[in-house]
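The figures here come from the full heavy-atom set of this structure, side chains too, leaving out hydrogens, waters and symmetry mates.
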Amino acid sequence: MIKLYKTYRIRSYVNASHAMKWKDGVGEKHTHTWELICEIGSNDGEMIIFNDIDKAINRVTTYFSGKFLNDLPEFAKKNPSLENLTEILFNLLENSLHEINASLMRLEVGESPTHFYALTSSLFFGRDE
């Protein structure tokens, strides 16, 4: 018999700008509407109220909204790339979701409708590593 993994899938957006850091300098500042697709699991198997999930996600996304990522302390020593942004968002969202007894299983962040980067927790595969 197969085991079902039950998750919630929430889509949200953040408007923020960045300029890539290259070996020979900093690129041009430009804005993205970053699309976040969060796949979330309940830590105890109980239902999670969508409003609670939205609040947990908004606690994180509000911080980045309208900002120039290069100016944020999270990017003081990191390039504000899609990959680094996704990793930072994953950690912040995971912490916020723990407050409602949930875990972030997978996060996809897109800088355009066709370009996404994804991180998947080992919990997604049924492993607590």
Count I, L, V, M, F, W, Y as connected when their side-chain heavy atoms are under 4.5 Å apart, and connections chain through other members. Are [X] and [Y] then in the same cluster?
| X | Y | result |
| --- | --- | --- |
| Tyr13 | Ile53 | no |
| Phe116 | Leu69 | no |
| Leu104 | Met47 | yes |
| Leu72 | Phe90 | yes |
| Leu97 | Ile37 | no |

Quick one: closest heavy-atom pair of [X] and [Y], and the distance?
| X | Y | answer |
| --- | --- | --- |
| Gly27 | Ala19 | O-CB, 3.4 Å |
| Leu119 | Tyr117 | CD2-CE2, 4.0 Å |
| Ala102 | Ile48 | CB-CD1, 3.6 Å |

Could you give me the CA-CA distance, side-chain angles and deciding distance for Leu89 and Val109, then say whether side-chain contact (heavy atoms from CB on, under 4.5 Å) is met? CA-CA 9 Å; Leu89 284 169; Val109 178; 4.1 Å; yes

Under 6.0 Å from the NZ atom of Lys67, do we count more than 12 heavy atoms belonging to anything else shown? yes

Do other residues, nucleotides or ligands put more than 12 heavy atoms under 6.0 Å from the CD atom of Glu74? yes

Would Lys77 count as a cation-pi partner of Phe75, with NZ or CZ less than 6.0 Å from the six-membered ring centre and within 45° of the ring normal? no

If you define the side chain from C-beta out and look only at heavy atoms, does anything of [X] sit under 4.5 Å from [Y]?
| X | Y | value |
| --- | --- | --- |
| Thr86 | Leu107 | yes |
| Asn70 | Lys29 | no |
| Cys38 | Leu93 | yes |
| Ile10 | Phe50 | yes |
| Glu35 | Glu111 | no |
| Ile40 | Ile57 | yes |
| Ile88 | Phe64 | yes |
| Glu87 | Asn91 | yes |

Is the closest side-chain donor-acceptor distance between Glu39 and Tyr5 under 3.5 Å? no

With a 3.5 Å cut-off and no angle check, do the side chains of Asn79 and Ser81 form a donor-acceptor pair? no

Are the side chain of [X] and the backbone of [Y] linked by a donor-acceptor contact shorter than 3.5 Å?
| X | Y | answer |
| --- | --- | --- |
| Lys21 | Lys78 | yes |
| Asn58 | Asp54 | yes |
| Ser17 | Thr31 | no |
| Ser103 | Met105 | no |

Distance (rounded to the nearest 0.5 Å) between Lys55 NZ and Ile100 CD1: 10.0 Å

For the residue pair His30 and His32, does the interplanar ring angle fall in the parallel (under 30°), tilted (30 to 60°) or perpendicular (over 60°) class? perpendicular

